[in-house]
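A short write-up of the structure that comes next.
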Amino acid sequence: TLKRTHGMERDLEERIYSPESPLHHPLDFFRMAVQDIANSRNLAWRLFWRDMHQRYRQSIFGILWVLIPPIVTTAIFVFLNGKSILNLGQTDIPYPVYVMLGTLLWQIFTESVQTPMTLFDSCIPIMIKINMPREAPILAAMGQVMFVAVLQLLIALGAMLYFGIAWHWTVALVPFMILVLILLGTTVGLILVP
């Protein structure tokens, strides 16, 4: 289909809807999904930037709000453990690092569950007015969670260096495990969106 726009011709996307499920042809479905994700990356970037800017610009501490909760939570658990109110026994790594890593993993998961729901709620007025790719809010939500996770994991890295924890080659797998955790949380969040 061709459309004339100010003397220039360009191809319009032709989409044919049918009652047949796209899952009958998984390779075509996967190719279309990857293409839709690639087409929505610019909008996802704008949504990511808008929400990150909005989230941290009016707070006193700004981006430090990403770093404060894991530090405060770790300090509370270390205090409770020091007073023998909460005693988990021996850990293989120093207790503050153990608590911080556990707290960070839980926060990354809960953030990845909540962010798609929050982002879809903020995008509803846009989705009603224009036909935007539905993948854009999902990519923006995953970007927000990854940004926060990277900053928080830098604190955990600092704590591990401070306590002199020996490094093992499996530390290189941590980014992949975090990505799987974010994908799992985003999937749960998307199930809860409707």
Side-chain angles (χ1 to χ4, degrees), residues 37 41 44-122 135-193:
I37 289 171
R41 69 183 183 277
W45 171 252
R46 291 186 185 276
L47 290 172
F48 166 78
W49 183 251
R50 177 197 72 171
D51 289 342
M52 292 303 287
H53 188 263
Q54 180 182 357
R55 180 189 255 183
Y56 298 114
R57 73 178 167 153
Q58 293 182 349
S59 65
I60 294 172
F61 294 111
I63 201 75
L64 290 177
W65 276 118
V66 172
L67 310 175
I68 292 172
I71 293 172
V72 170
T73 305
T74 301
I76 290 170
F77 274 99
V78 168
F79 173 77
L80 292 174
N81 189 41
K83 298 293 181 183
S84 297
I85 297 172
L86 178 68
N87 191 358
L88 297 177
Q90 288 288 26
T91 58
D92 292 336
I93 58 176
Y95 186 71
V97 176
Y98 176 80
V99 170
M100 181 171 283
L101 289 175
T103 303
L104 288 179
L105 291 176
W106 178 249
Q107 285 180 347
I108 290 169
F109 178 74
T110 57
E111 183 89 14
S112 63
V113 169
Q114 293 172 354
T115 304
M117 294 186 292
T118 315
L119 200 57
F120 266 104
D121 284 344
S122 70
E135 294 86 0
I138 299 167
L139 289 175
M142 289 179 67
Q144 288 178 16
V145 174
M146 282 187 214
F147 177 76
V148 170
V150 166
L151 290 178
Q152 290 178 340
L153 288 174
L154 287 175
I155 290 182
L157 177 68
M160 291 171 77
L161 290 173
Y162 177 77
F163 285 100
I165 294 177
W167 295 95
H168 194 264
W169 68 269
T170 54
V171 173
L173 299 176
V174 169
F176 301 109
M177 295 183 324
I178 297 297
L179 184 61
V180 168
L181 185 65
I182 291 172
L183 288 173
L184 175 66
T186 303
T187 303
V188 171
L190 289 174
I191 290 170
L192 298 175
V193 163

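The residues of the chain are indexed from 1 along the displayed sequence.
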Residues forming a side-chain hydrogen bond (donor to acceptor under 3.5 Å, both in side chains) with R41, sequence neighbours excluded: none
Worked verdict on M146 versus I178 for side chain to side chain contact (heavy atoms under 4.5 Å, CB included): CA-CA 9 Å; M146 282 187 214; I178 297 297; over 6 Å; no
Ring pair (Phe, Tyr, Trp, His ring centres under 6.0 Å) against F77, all qualifying residues, sequence neighbours excluded: none
All ring pair (Phe, Tyr, Trp, His ring centres under 6.0 Å) counterparts of F48, not counting sequence neighbours: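 Residues passing ring pair (Phe, Tyr, Trp, His ring centres under 6.0 Å) with F48: W45.
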Distance from [X] atom [atom1] to [Y] atom [atom2], nearest 0.5 Å?
{"X": "L157", "Y": "L161", "atom1": "CG", "atom2": "CG", "answer": "4.5 Å"}
{"X": "S112", "Y": "L183", "atom1": "OG", "atom2": "CG", "answer": "8.5 Å"}
{"X": "L181", "Y": "I108", "atom1": "CG", "atom2": "CD1", "answer": "6.5 Å"}
{"X": "F79", "Y": "T74", "atom1": "CZ", "atom2": "OG1", "answer": "15.0 Å"}

Passing option when I76 is tested against L80, V78, T73 for side chain to side chain contact (heavy atoms under 4.5 Å, CB included): L80
Atom CZ of F163: over 12 foreign heavy atoms under 6.0 Å: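 Correct, the count exceeds 12.
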Residue R50 excluded, over 12 heavy atoms near CZ under 6.0 Å: yes
With sequence neighbours excluded, residues passing side-chain contact (heavy atoms from CB on, under 4.5 Å) with M117: V113, L192, V193
Sequence-distant partners of L104, side-chain contact (heavy atoms from CB on, under 4.5 Å), two or more places apart: P70, M100, Q107, Q152, L153, A156
N81/V99 under side chain to side chain contact (heavy atoms under 4.5 Å, CB included): CA gap, chis, key distance, verdict: CA-CA 11 Å; N81 189 41; V99 170; over 6 Å; no
Pair listing, side-chain hydrogen bond (donor to acceptor under 3.5 Å, both in side chains) test, anchored in residues 97-106, at least two apart: none
Residue pairs involving residues 182-193 (criterion side-chain hydrogen bond (donor to acceptor under 3.5 Å, both in side chains); sequence neighbours excluded): none
For the student: nearest non-hydrogen atoms of T115 and V145, plus distance: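 Heavy atoms of T115 and V145 come nearest at OG1-CG2, 3.6 Å.
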Test log, rule side chain to side chain contact (heavy atoms under 4.5 Å, CB included), inputs L151 and I155: CA-CA 7 Å; L151 290 178; I155 290 182; over 6 Å; no
